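Right, one structure below, let's go through it.
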Amino acid sequence: DVKVTQSSRYLVKRTGEKVFLECVQDMDHENMFWYRQDPGLGLRLIYFSYDVKMKEKGDIPEGYSVSREKKERFSLILESASTNQTSMYLCASRTQGVLAKNIQYFGAGTRLSVL
Amino acid sequence: GQQLNQSPQSMFIQEGEDVSMNCTSSSIFNTWLWYKQDPGEGPVLLIALYKAGELTSNGRLTAQFGITRKDSFLNISASIPSDVGIYFCAGPLNTGRRALTFGSGTRLQVQP
(Lines give C-alpha, C1' and ligand atoms only; values in the text may rest on other atoms or scores of the structure.)
Protein backbone atom coordinates (compact mmCIF):
# COMPACT_ATOMS: atom_id res chain seq x y z
CA ASP A 1 0.00 0.00 0.00
CA VAL A 2 1.15 3.50 -0.80
CA LYS A 3 1.65 5.58 2.31
CA VAL A 4 1.79 9.36 2.28
CA THR A 5 2.35 10.78 5.73
CA GLN A 6 1.84 14.38 6.76
CA SER A 7 3.64 15.22 9.96
CA SER A 8 0.83 17.13 11.65
CA ARG A 9 -2.94 16.72 11.52
CA TYR A 10 -3.63 20.06 13.19
CA LEU A 11 -1.50 23.20 13.55
CA VAL A 12 -2.24 26.56 15.11
CA LYS A 13 0.15 29.39 14.28
CA ARG A 14 0.28 33.14 14.69
CA THR A 15 0.31 35.73 11.93
CA GLY A 16 3.85 36.36 10.73
CA GLU A 17 5.27 33.03 11.86
CA LYS A 18 7.28 30.85 9.48
CA VAL A 19 5.45 27.54 9.10
CA PHE A 20 6.75 24.21 7.81
CA LEU A 21 4.42 21.45 6.63
CA GLU A 22 6.15 18.14 6.06
CA CYS A 23 5.16 15.25 3.82
CA VAL A 24 6.84 11.87 3.38
CA GLN A 25 5.97 9.07 0.93
CA ASP A 26 7.29 5.53 1.05
CA MET A 27 6.79 4.44 -2.56
CA ASP A 28 9.79 6.02 -4.25
CA HIS A 29 7.49 8.27 -6.26
CA GLU A 30 9.11 10.90 -8.43
CA ASN A 31 6.26 13.40 -8.29
CA MET A 32 4.94 15.12 -5.18
CA PHE A 33 2.28 17.80 -4.82
CA TRP A 34 0.90 20.29 -2.34
CA TYR A 35 -2.76 21.35 -2.55
CA ARG A 36 -4.92 23.48 -0.36
CA GLN A 37 -8.58 22.69 0.13
CA ASP A 38 -11.19 25.33 0.90
CA PRO A 39 -14.98 24.86 1.02
CA GLY A 40 -16.57 25.24 -2.40
CA LEU A 41 -13.23 25.56 -4.17
CA GLY A 42 -12.09 21.96 -4.31
CA LEU A 43 -8.37 21.27 -4.27
CA ARG A 44 -6.07 23.90 -5.68
CA LEU A 45 -2.47 23.18 -6.59
CA ILE A 46 0.16 25.25 -4.77
CA TYR A 47 3.43 23.65 -5.94
CA PHE A 48 4.65 20.36 -7.26
CA SER A 49 8.00 18.64 -7.63
CA TYR A 50 8.98 16.09 -10.27
CA ASP A 51 12.43 15.28 -8.91
CA VAL A 52 14.79 16.09 -6.08
CA LYS A 53 15.49 19.83 -5.99
CA MET A 54 13.06 20.41 -8.88
CA LYS A 55 9.82 22.31 -8.43
CA GLU A 56 7.14 24.07 -10.40
CA LYS A 57 4.55 26.59 -9.37
CA GLY A 58 0.94 25.55 -9.35
CA ASP A 59 -2.12 27.75 -9.56
CA ILE A 60 -1.75 29.58 -6.22
CA PRO A 61 1.95 29.74 -5.24
CA GLU A 62 1.92 33.23 -3.76
CA GLY A 63 2.96 33.26 -0.11
CA TYR A 64 4.38 29.72 -0.28
CA SER A 65 7.66 28.04 -1.09
CA VAL A 66 8.71 24.40 -1.17
CA SER A 67 11.75 22.26 -0.59
CA ARG A 68 12.62 18.81 -1.88
CA GLU A 69 16.06 17.77 -0.71
CA LYS A 70 15.27 14.03 -0.65
CA LYS A 71 13.06 12.03 -2.96
CA GLU A 72 10.70 10.87 -0.22
CA ARG A 73 10.16 14.24 1.45
CA PHE A 74 8.40 17.38 0.21
CA SER A 75 8.04 20.40 2.48
CA LEU A 76 5.66 23.33 2.14
CA ILE A 77 6.83 26.57 3.71
CA LEU A 78 4.73 29.57 4.62
CA GLU A 79 7.34 32.31 4.86
CA SER A 80 5.14 34.64 6.91
CA ALA A 81 1.79 33.09 7.77
CA SER A 82 -1.33 35.15 7.23
CA THR A 83 -4.93 34.55 8.27
CA ASN A 84 -5.98 33.91 4.65
CA GLN A 85 -3.71 30.87 4.68
CA THR A 86 -5.96 29.16 7.20
CA SER A 87 -6.95 26.02 5.31
CA MET A 88 -6.62 22.27 4.91
CA TYR A 89 -3.35 21.34 3.21
CA LEU A 90 -3.06 18.06 1.33
CA CYS A 91 0.09 16.38 0.10
CA ALA A 92 0.02 13.84 -2.72
CA SER A 93 2.47 11.71 -4.63
CA ARG A 94 2.53 9.85 -7.94
CA THR A 95 4.96 7.73 -9.83
CA GLN A 96 6.30 8.67 -13.25
CA GLY A 97 5.25 7.52 -16.71
CA VAL A 98 2.20 5.86 -18.24
CA LEU A 99 2.02 3.19 -15.55
CA ALA A 100 1.08 5.92 -13.10
CA LYS A 101 -2.24 6.32 -14.97
CA ASN A 102 -2.46 9.83 -13.51
CA ILE A 103 -3.40 8.44 -10.10
CA GLN A 104 -2.26 10.47 -7.10
CA TYR A 105 -2.15 9.19 -3.53
CA PHE A 106 -2.99 11.58 -0.74
CA GLY A 107 -1.97 12.09 2.85
CA ALA A 108 -4.56 12.65 5.59
CA GLY A 109 -4.12 16.42 5.47
CA THR A 110 -2.95 19.14 7.83
CA ARG A 111 -5.56 21.57 9.08
CA LEU A 112 -3.76 24.86 9.66
CA SER A 113 -5.25 27.75 11.59
CA VAL A 114 -3.46 31.11 11.50
CA LEU A 115 -4.56 33.47 14.26
CA GLY B 1 -7.28 27.75 -12.68
CA GLN B 2 -10.08 25.34 -11.99
CA GLN B 3 -11.81 24.13 -15.14
CA LEU B 4 -14.11 21.42 -13.84
CA ASN B 5 -17.73 22.14 -12.93
CA GLN B 6 -19.07 19.62 -10.48
CA SER B 7 -22.70 19.34 -9.41
CA PRO B 8 -24.56 19.22 -7.21
CA GLN B 9 -22.58 21.01 -4.53
CA SER B 10 -24.30 19.06 -1.78
CA MET B 11 -26.92 16.37 -1.30
CA PHE B 12 -28.88 15.22 1.72
CA ILE B 13 -30.54 11.87 1.13
CA GLN B 14 -32.16 9.00 2.97
CA GLU B 15 -30.37 5.71 3.42
CA GLY B 16 -31.20 3.37 0.55
CA GLU B 17 -31.61 6.10 -2.06
CA ASP B 18 -29.54 6.25 -5.24
CA VAL B 19 -27.25 9.22 -5.88
CA SER B 20 -25.98 10.83 -9.07
CA MET B 21 -23.36 13.49 -9.52
CA ASN B 22 -21.50 14.81 -12.52
CA CYS B 23 -18.56 16.80 -13.71
CA THR B 24 -18.25 18.86 -16.88
CA SER B 25 -15.42 20.72 -18.50
CA SER B 26 -14.85 23.02 -21.45
CA SER B 27 -11.63 21.09 -22.12
CA ILE B 28 -11.14 17.53 -23.28
CA PHE B 29 -9.81 15.04 -20.73
CA ASN B 30 -8.14 11.71 -21.47
CA THR B 31 -8.59 10.50 -17.90
CA TRP B 32 -11.33 10.97 -15.33
CA LEU B 33 -10.78 10.09 -11.70
CA TRP B 34 -13.30 10.00 -8.89
CA TYR B 35 -12.09 10.41 -5.31
CA LYS B 36 -13.90 10.27 -2.00
CA GLN B 37 -12.82 12.20 1.08
CA ASP B 38 -14.06 10.96 4.43
CA PRO B 39 -14.43 13.62 7.14
CA GLY B 40 -10.99 14.56 8.47
CA GLU B 41 -9.09 12.43 5.96
CA GLY B 42 -7.38 12.80 2.60
CA PRO B 43 -9.06 11.85 -0.71
CA VAL B 44 -9.00 8.19 -1.71
CA LEU B 45 -9.39 6.99 -5.27
CA LEU B 46 -12.71 5.26 -6.04
CA ILE B 47 -12.72 4.80 -9.80
CA ALA B 48 -10.43 5.66 -12.72
CA LEU B 49 -11.67 6.00 -16.32
CA TYR B 50 -9.42 6.09 -19.38
CA LYS B 51 -11.58 5.70 -22.48
CA ALA B 52 -14.51 7.71 -23.84
CA GLY B 53 -17.75 5.81 -23.23
CA GLU B 54 -16.15 3.60 -20.59
CA LEU B 55 -18.45 2.45 -17.78
CA THR B 56 -16.75 1.11 -14.66
CA SER B 57 -18.15 -0.21 -11.40
CA ASN B 58 -16.69 -0.55 -7.93
CA GLY B 59 -19.26 -2.23 -5.70
CA ARG B 60 -22.27 0.06 -5.47
CA LEU B 61 -20.45 2.80 -7.37
CA THR B 62 -20.59 3.21 -11.13
CA ALA B 63 -18.80 5.89 -13.12
CA GLN B 64 -18.90 6.76 -16.80
CA PHE B 65 -16.50 8.60 -19.08
CA GLY B 66 -18.62 10.81 -21.34
CA ILE B 67 -18.49 10.30 -25.11
CA THR B 68 -17.47 13.90 -25.72
CA ARG B 69 -14.59 13.45 -23.23
CA LYS B 70 -15.77 16.62 -21.53
CA ASP B 71 -17.87 15.06 -18.81
CA SER B 72 -18.13 12.20 -16.35
CA PHE B 73 -20.80 10.82 -14.03
CA LEU B 74 -20.73 8.97 -10.74
CA ASN B 75 -23.68 7.01 -9.42
CA ILE B 76 -24.05 5.42 -6.00
CA SER B 77 -26.79 2.87 -5.58
CA ALA B 78 -28.58 2.01 -2.33
CA SER B 79 -26.68 4.54 -0.22
CA ILE B 80 -25.56 3.70 3.31
CA PRO B 81 -24.39 5.99 6.14
CA SER B 82 -20.70 5.33 5.45
CA ASP B 83 -21.13 6.91 2.00
CA VAL B 84 -21.03 10.27 3.79
CA GLY B 85 -18.17 12.46 2.60
CA ILE B 86 -17.05 14.71 -0.22
CA TYR B 87 -16.76 13.29 -3.72
CA PHE B 88 -14.34 14.89 -6.17
CA CYS B 89 -13.88 14.44 -9.86
CA ALA B 90 -10.39 15.08 -11.21
CA GLY B 91 -8.43 14.87 -14.40
CA PRO B 92 -5.14 15.91 -15.93
CA LEU B 93 -5.26 18.88 -18.25
CA ASN B 94 -3.51 18.22 -21.56
CA THR B 95 -0.83 20.74 -20.80
CA GLY B 96 1.94 18.31 -20.01
CA ARG B 97 1.69 19.21 -16.35
CA ARG B 98 1.61 16.22 -14.05
CA ALA B 99 -0.88 17.67 -11.59
CA LEU B 100 -4.60 17.06 -11.53
CA THR B 101 -7.42 19.57 -11.81
CA PHE B 102 -10.21 18.98 -9.31
CA GLY B 103 -13.89 19.78 -9.28
CA SER B 104 -15.24 21.72 -6.32
CA GLY B 105 -16.69 18.57 -4.77
CA THR B 106 -20.12 17.14 -3.92
CA ARG B 107 -20.81 16.87 -0.20
CA LEU B 108 -23.03 13.87 0.51
CA GLN B 109 -24.96 13.39 3.73
CA VAL B 110 -26.99 10.25 4.35
CA GLN B 111 -29.80 10.12 6.86
CA PRO B 112 -30.06 6.64 8.46
Side-chain angles (χ1 to χ4, degrees), chain A residues 1-6 8-10 21 23 25 29-51 54-62 66 74 88-111, chain B residues 1-10 21-25 28-51 54 56 58 63 65 69 72 85-107 109:
Chain A
D1 271 359
V2 176
K3 196 165 176 67
V4 179
T5 304
Q6 294 183 231
S8 304
R9 294 296 298 269
Y10 301 94
L21 303 184
C23 176
Q25 51 94 3
H29 285 171
E30 292 81 4
N31 301 290
M32 296 187 74
F33 309 84
W34 276 106
Y35 295 88
R36 68 175 277 177
Q37 179 181 9
D38 299 289
L41 297 178
L43 278 65
R44 294 179 293 165
L45 181 68
I46 305 172
Y47 266 98
F48 72 99
S49 168
Y50 49 91
D51 203 347
M54 306 304 285
K55 62 186 179 185
E56 280 195 30
K57 292 180 180 178
D59 298 318
I60 51 165
E62 295 79 18
V66 290
F74 192 34
M88 170 75 116
Y89 290 88
L90 290 162
C91 174
S93 75
R94 199 200 86 168
T95 191
Q96 192 78 300
V98 294
L99 288 179
K101 296 190 173 182
N102 292 308
I103 296 172
Q104 294 183 14
Y105 299 88
F106 285 85
T110 297
R111 188 166 291 282
Chain B
Q2 189 169 297
Q3 299 188 26
L4 291 182
N5 299 306
Q6 187 171 349
S7 65
Q9 283 192 340
S10 64
M21 59 191 79
N22 71 82
C23 231
T24 61
S25 172
I28 286 175
F29 281 74
N30 56 22
T31 298
W32 283 98
L33 305 173
W34 285 94
Y35 283 86
K36 183 195 176 195
Q37 184 179 30
D38 288 329
E41 300 294 330
V44 173
L45 182 71
L46 296 173
I47 292 178
L49 302 161
Y50 298 104
K51 202 180 336 184
E54 181 181 356
T56 298
N58 178 5
F65 193 140
R69 296 170 64 195
S72 180
I86 304 176
Y87 293 79
F88 291 101
C89 60
L93 289 172
N94 290 325
T95 58
R97 203 172 74 170
R98 297 167 179 80
L100 296 172
T101 292
F102 284 81
S104 55
T106 295
R107 182 180 294 273
Q109 298 181 69

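Since the model is a prediction, treat every value here as computed from it, not as a measurement. Throughout, protein chains are lettered first and strands after them, A, B, ... in sequence-line order, and every chain is numbered starting at 1.
- Taking B:Asp38, B:Thr31, B:Ile86 one by one and counting their heavy-atom pairs under 4.5 Å with chain A, the maximum is reached by B:Thr31.
- Rounded to the nearest 0.5 angstrom, A:Leu43 CG and B:Leu100 CG are separated by 9.5 Å.
- With hydrogens and angles ignored, the 3.5 Å screen pairs a side-chain donor or acceptor of A:Arg9 with a backbone N or O of B:Gly40.
- In this structure, B:Pro43 and A:Leu90 have side chains that are in contact, with non-hydrogen atoms separated by less than 4.5 Å.
- Side-chain contact check for B:Tyr35 versus A:Ile103: some heavy-atom pair is nearer than 4.5 Å.
- Neither the backbone nor the side chain of B:Gln9 comes within contact range of chain A, judged by heavy atoms closer than 4.5 Å.
- Contact annotation for B:Gln37: only side-chain heavy atoms (C-beta onward) come within less than 4.5 Å of a heavy atom of chain A.
- The minimum heavy-atom distance linking B:Ser104 with A:Gly40 is given by the pair CB-O, 3.4 Å.
- Here CG of A:Asn102 is found 6.5 Å from OH of B:Tyr50. Values are rounded to the nearest 0.5 Å.
- Of all heavy-atom pairs between A:Tyr35 and B:Ala99, the closest is OH-CB, 4.1 Å.
- Contacts of A:Arg111 with chain B are absent, with no heavy-atom separation under 4.5 Å from either backbone or side chain.
- The contact between A:Gln37 and chain B is made entirely by side chain atoms (from C-beta outward), counting heavy-atom distances below 4.5 Å.
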